[in-house]
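Both counts, for ligands and for their atoms, begin at 1 and track the order of listing.
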Amino acid sequence: MTTKVLAAYATKNWSTAEIARTITQVLRDEGHRPEMLLVGDVVGVQAYDAVILGSPLYEGRWRKEAHRFLRRESAALSKRPVWLFSSGPLDDSASQGDVPPVPAVHHALIRINAREHVTFGGCLRDDTRAGSPKRS
Ligand SMILES: Cc1cc2nc3c(=O)[nH]c(=O)nc-3n(C[C@H](O)[C@H](O)[C@H](O)COP(=O)(O)O)c2cc1C
């Protein structure tokens, strides 16, 4: 069955967008219909069969806009399969084993009854900047 999947992501320096792009590509290769959007650009999740939501960690937290999205869409999210991911660790911990979600994300996972959480390694670019992401 073809599934319409939303890959929603927050980012500051765009490396999490690359992770979302890779997930989207894998889903497309498997015959699903993925759509990749910044969390702030998602109007609603009603049109999707499943949702993947990810955010980088900064100072031990997900980005605010990812939490805002979770709060706003929590009722609809709890009615469909959801997978969460974090990006962050700059060492090899994420490839060595499971890195559990930070507490607020763990609580969100339980609240919306998400299927799973995965942590991917992050990266720091030379041009890393503070503040909100700027569209390229
Ligand atoms: C100021 C700062 C704080 C960070 N804090 C964390 C953290 O608490 N935990 C973590 O795993 N990674 C942390 N990182 C690493 C970022 O999560 C990583 O660089 C990630 O790939 C950034 O994603 P983005 O490019 O989508 O913004 C931090 C990076 C910076 C620059």
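With Ser87, Gly60, Gly54, Cys123 as candidates, the residue nearest to atom 8 (O) of ligand 1 on a non-hydrogen basis is Gly60. Distances from atom 25 (O) of ligand 1 to the heavy atoms of Ser15, Ala10, Pro89, Ser55 put Ser15 nearest.
Listed by atom number, the atoms of ligand 1 under 4.0 Å from Lys12 heavy atoms are 24 (P), 26 (O), 27 (O). Close approach of ligand 1 to Asn13 (heavy-atom distance below 4.0 Å) involves ligand atoms 24 (P), 25 (O), 27 (O). Short contacts between ligand 1 and Gly122, defined as distances under 4.0 Å to a heavy atom of the residue, involve ligand atoms 21 (O).
Arg21 and Glu18 are joined by a salt bridge, as a carboxylate oxygen and a charged side-chain nitrogen come within less than 4.0 angstrom of each other.
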Pair up each side-chain donor or acceptor in residues 91-99 with any protein partner under 3.5 Å, not counting sequence neighbours, and list the distances.
residue, atom, partner, partner atom, Å
Asp91, OD1, Ser93, N, 3.0
Asp91, OD1, Ser93, OG, 2.6
Asp92, OD2, Gln96, NE2, 3.3
Ser95, OG, Asp92, O, 3.0

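Looking only at distances, a side-chain donor or acceptor of His107 sits under 3.5 Å from a matching main-chain atom of Pro103. The backbone N or O of Ala76 sits less than 3.5 Å from a side-chain atom of Arg80, completing a donor-acceptor pair.
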**Request:** Report the C-alpha distance between Thr16 and Ser87 in whole Å, list the side-chain angles of each, state the deciding distance to 0.1 Å, and finish with yes or no for side chain to side chain donor-acceptor pair (under 3.5 Å).
**Result:** CA-CA 7 Å; Thr16 308; Ser87 66; 2.8 Å; yes
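The shortest N or O to N or O distance between Leu124 and ligand 1 is not below 3.5 Å. Ligand 1 has a nitrogen or oxygen under 3.5 angstrom from a nitrogen or oxygen of Glu59.
Scored by the side-chain contact (heavy atoms from CB on, under 4.5 Å) test, Asn113 finds no partners at all (sequence neighbours excluded).
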